[in-house]
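Below, each value reflects all heavy atoms present in this structure, side chains not excepted, and no hydrogens, waters or symmetry copies. Keep in mind that this is a model prediction, so the values were computed, not measured.
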Amino acid sequence: MDIIPSWNVVHKLEKRGLLIAINCIAALSIFFFGYDQGMMGGVNTAPDYYHKTMKFGHMAPDGSPLVDDTLKQGGIVSIYYLGTLIGCLAGGSVGDRYGRIKTIALGAAWGVIGASLQTSAMNATWMIFARLINGFGTGMLNAIVPVWATETAEHTSRGQFVAIEFTLNIFGVVVAYWIEYGCSFYKGGLTAFTWRFPIGFQIAPLLMLFALVWFFPESPRWLVKMGREQEARYILGRLRGETGDDHGKAEAEFQDIRNIAELERKTAKSQSYYAMLFGIGSGKLHTGRRVQLVIWLQIMQEWIGIAGVTIYAPKIFSTAGIAHADVQWISGLNTITYTLATLICVFTLDRIGRRWTLYWGSIVQGISMFLAGGFARLGLNYKAAGEIATAKAYSSGAVAMIFLFTATFGATWLTVPWLYPAEIFPLEVRAKGNAWGVVGWSLGNGWLTLMLPIVFAALGEKTYYIFGIANVITLPMVYCLYPESNQRTLEEMNLLFASDSWFVWDCEKEFRLLKEQNPELVQAAERGHSVVDPETGLPKRASMRAPRNMSLDANAYHKDDVEISKEEFKHEKY
């Protein structure tokens, strides 16, 4: 294809090889994201940082940091999330207008500027503005990279595709912790190198991302939306294959994408962020509902406890009664456990689905947080009573519960809140929709990281109980409001959210009805069966009936197409 530059990898790779290559580039961005988050945990404990440069604390006799200004410490950390909030909105808008590849490159460039300014920061004001800029770049990347990944992956393995990337996300956290741990031994950890080098290290993956992403294909779905169908069809053919059992697969998916793009243009009248938030002009697409769902899913992802564990891990282990000399390496060991646990999600997410992944995660996480709080309190009580051996035993129990929480989160809640927003939005506003998810993540993180130093100071180990309660709240929330997206094509999502009801059982009921009424939108959705009619050589559903006017209104029956009654569909529990 002459339109696509000859140096693009789409001409050299196809199917699994091309998907793996795309996954690697997406993972590079997600690695940076994880590194950037995990980095501040060690930076906050560097004496030159908190005492000499930022001036919000001093060193205790045992070498641990004592924070004198919790608002300044929390503000420096949390301002980053104001940057991600603004950046994700910009990234979503740019991504829907100019494409996924250009937006990724722009986000990487912003990240390099922000990281450079952080590395050279000389005071708190400088650091605050540097983190704001760095957050802007991260927000752009977080808004667009999951969208690019899901739009190129097959619907049967989309969860696994993104879960692998988030293994790299937590590997970034691991690298951040252990680099900082190593730097803490340089000249006793008292120099600026202890915190400046870890911050500067993130520039390397950003430069690699900026240089390499230009060699990769644009999202075929975005190309269809922009009317560049020839390019889209070629890229989709390379992604899905064109020979043997794969013959017709790309064509069926291409037709689904074209039809859904046409339907969305007829259904929705407004696509601004304001209109999306309140569902103005979206009709049966119900974008307002989808926005609310992804915002709150991301907010709850942080409030169930991971923001505290990731960013304030040293403080959490100190609260549990662990000596300062042991806090840093235990925190690093926790991140290794975290990384290994993400591999569970790689193998289970597409098997048990998004909802069940969240269910079992919330149950185990909630139990571990309640027990961590109880064990930590007992450890502190016995330490005050002089029973050191018993105190250590209970403190070890608290640490074990934090390890269990982190591992469970890596296997469950880490990936789903990032995957779900990239799956459920209409093609016309998919990047903007995913940006709303990043808004929720930014709000959850920013609010929590600003408050946590104050909360830990006021409540100590009782902070764990707040996290435990948040986990309990998520169970009815997911059960009632979040339909399953697993094993469904991106084009089917508009059918899934067409119901006027927010409740899952109503959405599923109407979804099955609309699938029968709109076969033109689900040609690529049959799993485990050939999508090609062996007699006609056409996609099976396309060969069944002639094209007609499509609709997301289940009451808009078509006499010549399918006669089906709502009464045929019985209520099922999900």
Side-chain angles (χ1 to χ4, degrees), residues 27 30-31 33-42 44-45 160 162-182 184 198 301-302 304-349 357-358 360-376 379 392-418 461 463-464 467-468 471:
I30 301 299
F31 169 84
F33 168 41
Y35 183 91
D36 206 36
Q37 269 201 301
M39 174 191 72
M40 288 306 293
N44 278 331
T45 63
Q160 184 182 56
V162 175
I164 291 172
E165 293 169 12
F166 275 88
T167 298
L168 268 293
N169 172 264
I170 307 309
F171 182 66
V173 177
V174 172
V175 172
Y177 267 111
W178 287 103
I179 284 179
E180 288 167 337
Y181 183 65
S184 68
Q301 184 198 41
E302 303 312 314
I304 59 179
I306 195 59
V309 172
T310 302
I311 298 171
Y312 294 104
K315 177 65 179 177
I316 285 179
F317 289 123
S318 295
T319 303
I322 302 301
H324 174 69
D326 298 324
V327 162
Q328 201 65 24
W329 74 263
I330 291 177
S331 298
L333 187 60
N334 186 42
T335 61
I336 294 177
T337 305
Y338 194 0
T339 304
L340 295 175
T342 61
L343 296 175
I344 297 173
C345 194
V346 171
F347 297 105
T348 61
L349 188 54
T357 298
L358 296 178
W360 81 263
S362 293
I363 293 169
V364 177
Q365 289 163 185
I367 292 171
S368 62
M369 283 290 99
F370 285 120
L371 289 177
F375 287 151
K392 285 185 176 180
Y394 279 114
S395 295
S396 298
V399 170
M401 289 302 100
I402 293 171
F403 270 62
L404 176 61
F405 168 86
T406 307
T408 304
F409 182 89
T412 58
W413 272 81
L414 169 69
T415 301
V416 176
W418 289 100
E461 82 290 340
T463 306
Y464 300 128
F467 296 148
N471 277 283

When you look at Phe403 and Leu333, which way does the side-chain contact (heavy atoms from CB on, under 4.5 Å) test go after all the steps? CA-CA 9 Å; Phe403 270 62; Leu333 187 60; 4.0 Å; yes

Which heavy-atom pair separates Ser395 from Gly379 by the least distance, and what is that distance? OG-CA, 4.1 Å

Met39 to Pro198 - nearest heavy-atom pair and separation: SD-O, 3.9 Å

Between Gly410 and Cys345, the two heavy atoms sitting closest are O-CB, 4.1 Å

Show your reasoning for whether side-chain contact (heavy atoms from CB on, under 4.5 Å) applies to Trp418 and Phe33. CA-CA 12 Å; Trp418 289 100; Phe33 168 41; 3.5 Å; yes

Could you grab the distance from atom OG1 of Thr357 to atom CD1 of Ile344, nearest 0.5 Å is fine? 11.0 Å

Tightest non-hydrogen contact, residues Ile304 and Gln301, listed as CG1-O, 3.1 Å

Is there side-chain contact between Ile336 and Tyr177, with heavy atoms separated by less than 4.5 Å? no

Rounded to the nearest 0.5 Å, the CG atom of Asn334 sits from the CZ atom of Phe405 at a distance of 10.0 Å

Without placing hydrogens or testing angles, list every side-chain donor-acceptor pair under 3.5 Å for residues 164-175, not counting sequence neighbours.
| unit_1 | atom_1 | unit_2 | atom_2 | d |
| --- | --- | --- | --- | --- |
| Thr167 | OG1 | Ala163 | O | 3.3 |
| Thr167 | OG1 | Thr342 | OG1 | 3.0 |
| Asn169 | ND2 | Ile30 | O | 3.3 |

Going by side-chain contact (heavy atoms from CB on, under 4.5 Å), name the residues that satisfy it together with Ala407, two or more places apart in sequence or in a different chain. Thr337, Ala341

Nearest heavy-atom neighbours spanning Met40 and Glu180: N-OE2, 4.4 Å

Identify each donor-acceptor pair in which a side-chain atom of residues 360-374 lies under 3.5 Å from a protein atom, sequence neighbours left out, and give them as a table.
| unit_1 | atom_1 | unit_2 | atom_2 | d |
| --- | --- | --- | --- | --- |
| Ser362 | OG | Leu358 | O | 3.1 |
| Ser362 | OG | Trp413 | NE1 | 3.0 |
| Ser362 | OG | Thr474 | OG1 | 2.7 |
| Gln365 | OE1 | Phe409 | N | 3.3 |
| Gln365 | OE1 | Thr412 | OG1 | 3.3 |
| Gln365 | NE2 | Gly361 | O | 3.4 |
| Gln365 | NE2 | Asn471 | OD1 | 2.8 |
| Ser368 | OG | Val364 | O | 3.2 |
| Ser368 | OG | Gln365 | O | 2.8 |

How many angstroms lie between atom CE of Met401 and atom OG1 of Thr408, to the nearest 0.5 angstrom? 9.5 Å

